Amino acid sequence: MTTFPVAGDYYKAVQVPGRAFTVPKLQTAQFVWDSLGPTLARGSSAVVFQAAVEGSPQAVRCYIRNDASSRDRYSALSAYLASHDLNPHVSGTIWLEGAIRVNHATWPVLQMGWIDGRTLNEYVDFLVADSNVAALATLAARWRDMVGMLQNSSFGHGDLQHGNVLVDQEGQLRLVDFDGVWIPQLAGQSPPTEYGHPNYQRPGLRVWDRWLDTFSALVIYLSLVALSKDPGLWLALYNSKNLLFCRADFFAPYETQVWKQLAALRDPQVDELARRLRECCAADWVSEASLEATLDQRAPSPAPAPWWKQQPVTPAPRPATPTFSPTPTPSPTFTPASSPPSSPPGPPAAGSWPWDQEPQKPRQPQEGQNSLPRPPPLSAPLGQAGTGPITQLRQTMASPGATWWTGPEPGSAQPSRPQQPPQPQQPSQPPAPRARGPVSKRQQAQTFGGIALAVGVVMLIAGAAGAQPAVVIIGLIAAAWGVWRLVTAGAGPSPKPPGQT
């Protein structure tokens with residue numbers, strides 16, 4: 001069994017592209033560096049570097065698993081894209097066999113155009129930080145339209161999840177990582193080993209065919225619609241590895257927090273989408289239709305009550321029959337239409353194979369649909385939504401353990417108080433004189449202190465002028481006592497006068 005290089009081996013190799021690569025255009029490529037070295041993004045099966053190849057920004061993908069993909073798969077994908085226009089959602093790729101030399105051996109490289117955008121979870125985080133519910137609703141509609149176009153073109157991605165969906169600077173949804181893709185050219189081959197992100201895939205057996213994206217597309221669509229109703233769900237349910245749902249949410253009896261939070265919204269659209277997703281989580285469910293056809297299925301009608309419980313129906317009284325005078329009416333004349341000629345027997349018409357059948361008519365985009373705001377470029381830091389409370393969000397999430405019958409009403413924060421009937425105005429009267437209250441002890445102390453201070457100062461002056469020492473001493477004592485009373489009255493209760501212990 002061949003052991004592929006690890007991410008660190010590729011990281012060292014691309015620092016000297018002229019020596020590491022065997023393809024001339026990659027030997028002269030200029031890789032993007034940060035302060036530590038070449039920038040890279042690591043996935044479960046490959047590492048991706050950004051480089052300028054022949055003056056064009058490109059993504060250089062180097063594999064770390066031998067079972068991730070093969071040249072035959074990407075050759076078939078290139079042939080498929082040559083006859084199917086899936087722009088801008090799916091871009092072409094180039095498989096370069098033996099393009100990089102690492103650990104004394106050569107390994108394949110996948111090259112595709114670099115997308116300057118944000119992953120779906122980062123972009124949703126950006127919209128939630130601004131409480132942009134209109135853009136979230138537009139994003140949900142764009143997602144549904146894109147999935148409809150891909151499924152009508154017999155294209156299955158195989159791993160629809162937040163990390164494989166980018167929103168570019170034009171607000172367009174772009175897909176990456178086509179290792180698990182399904183197209184008619186690959187229908188007879190063995191399915192890939194890549195199962196997909198567990199937070200977006202239905203547990204249990206998965207059929208690798210044209211409709212393998214229906215379940216994961218519904219998970220993402222429901223998440224975006226619910227966030228457009230209440231962005232506060234993001235703070236409660238997002239964990240950087242999902243949008244709203246996790247793998248544990250796809251098992252009965254569907255009483256985890258996400259189901260309770262969605263039910264607490266009491267939104268008809270969210271309730272209907274949640275019902276469809278629960279049906280798709282059933283053990284006997286098989287993906288046999290597109291997302292659009294799955295959403296069009298209506299809830300089964302309730303079973304009729306037994307005949308002995310049915311209420312008798314009272315017929316309505318018949319209105320009086322009016323009397324009209326007979327008027328002769330000419331008989332219309334019809335011309336028989338000629339029946340179309342029957343087609344002669346021959347070979348079966350196109351569409352006998354499942355992937356050649358007449359595609360379902362895609363849903364038409366709504367007119368006047370708002371454009372999505374441009375995401376922050378990769379060089380700009382993201383906001384802090386999802387990492388802490390955001391004051392501008394409308395927090396209407398259900399409390400832990402709450403259900404739809406105990407959650408708040410949609411859009412209701414506080415119950416409105418009934419308005420009081422207007423009271424008749426009374427004629428204005430002059431205000432009654434306010435009665436004086438009893439004088440407090442503090443006021444009395446301040447008054448006595450002021451009087452004593454004044455008397456003491458007068459006696460001090462008189463005694464000094466008349467050369468009477470006794471009067472001077474009495475004046476000093478009176479003045480000192482008056483100052484003490486003023487100070488203690490202003491500062492509160494005091495222990496004792498000066499000189500006393």
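What you see below is based on every heavy atom in this structure, not just the backbone, and it leaves out hydrogens, waters and symmetry mates. Quantities reported herein were computed from a predicted structural model and do not represent experimental measurements.
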Please report the interatomic distance [atom1]([X]) to [atom2]([Y]), rounded to the nearest 0.5 Å.
{"X": "Met112", "Y": "Ile94", "atom1": "CE", "atom2": "CD1", "value": "10.5 Å"}
{"X": "Leu186", "Y": "Trp182", "atom1": "CG", "atom2": "CH2", "value": "8.5 Å"}
{"X": "Arg247", "Y": "Asn242", "atom1": "CZ", "atom2": "CG", "value": "14.5 Å"}
{"X": "Leu291", "Y": "Met146", "atom1": "CG", "atom2": "CE", "value": "10.0 Å"}
{"X": "Asn199", "Y": "Phe245", "atom1": "CG", "atom2": "CZ", "value": "11.0 Å"}

- request: Could you please spell out the steps behind the side chain to side chain contact (heavy atoms under 4.5 Å, CB included) verdict for Asp159 and Tyr195?
  value: CA-CA 7 Å; Asp159 189 15; Tyr195 182 79; over 6 Å; no
- prompt: Step by step, would you call Val165 with Leu175 a side chain to side chain contact (heavy atoms under 4.5 Å, CB included)?
  reply: CA-CA 5 Å; Val165 183; Leu175 299 182; 3.8 Å; yes
Whether the [X] and [Y] side chains hold a donor-acceptor pair (N or O, under 3.5 Å, no angle test) is what I'd like checked.
{"X": "Thr256", "Y": "Asp249", "value": "yes"}
{"X": "Glu54", "Y": "Ser56", "value": "no"}
{"X": "Asn121", "Y": "Thr119", "value": "yes"}
{"X": "Gln257", "Y": "Trp259", "value": "no"}

Any donor-acceptor N/O pair, Trp143 side chain to Ala217 backbone, under 3.5 Å: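 Yes; at least one donor-acceptor contact below 3.5 Å.
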field: Val124 vs Leu224 side-chain heavy atoms within contact, under 4.5 Å
entry: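 SC-SC contact between Val124 and Leu224 confirmed.
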field: Worked verdict on Phe250 versus Trp285 for ring-ring contact (aromatic ring centres under 6.0 Å, His included)
entry: CA-CA 12 Å; Phe250 302 141; Trp285 182 82; over 10 Å; no
field: Contacts of type salt bridge (charged side-chain N to carboxylate O under 4.0 Å, His left out), residue Arg174, not counting sequence neighbours
entry: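 Arg174: salt bridge (charged side-chain N to carboxylate O under 4.0 Å, His left out) contacts with Asp168.
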message: Between Arg61 and Asp177 (salt bridge meaning N to carboxylate O under 4.0 Å), is one present in this structure?
response: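 Salt bridge between Arg61 and Asp177, a charged N being under 4.0 Å from a carboxylate O: yes.
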- prompt: Any ion pair linking Asp179 and Arg65 (charged N to carboxylate O, less than 4.0 Å)?
  reply: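 No, no charged N to carboxylate O under 4.0 Å.
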- request: Fit a plane to each ring of His197 and Tyr200, take the angle between them on a 0 to 90° scale, and name the class: parallel (under 30°), tilted (30 to 60°) or perpendicular (over 60°).
  value: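 His197 and Tyr200: perpendicular rings.
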message: Using the side chain to side chain contact (heavy atoms under 4.5 Å, CB included) criterion, which residues pair with Pro57? Sequence neighbours excluded.
response: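 For Pro57, the residues satisfying side chain to side chain contact (heavy atoms under 4.5 Å, CB included) (neighbours in sequence not counted) are Trp114.
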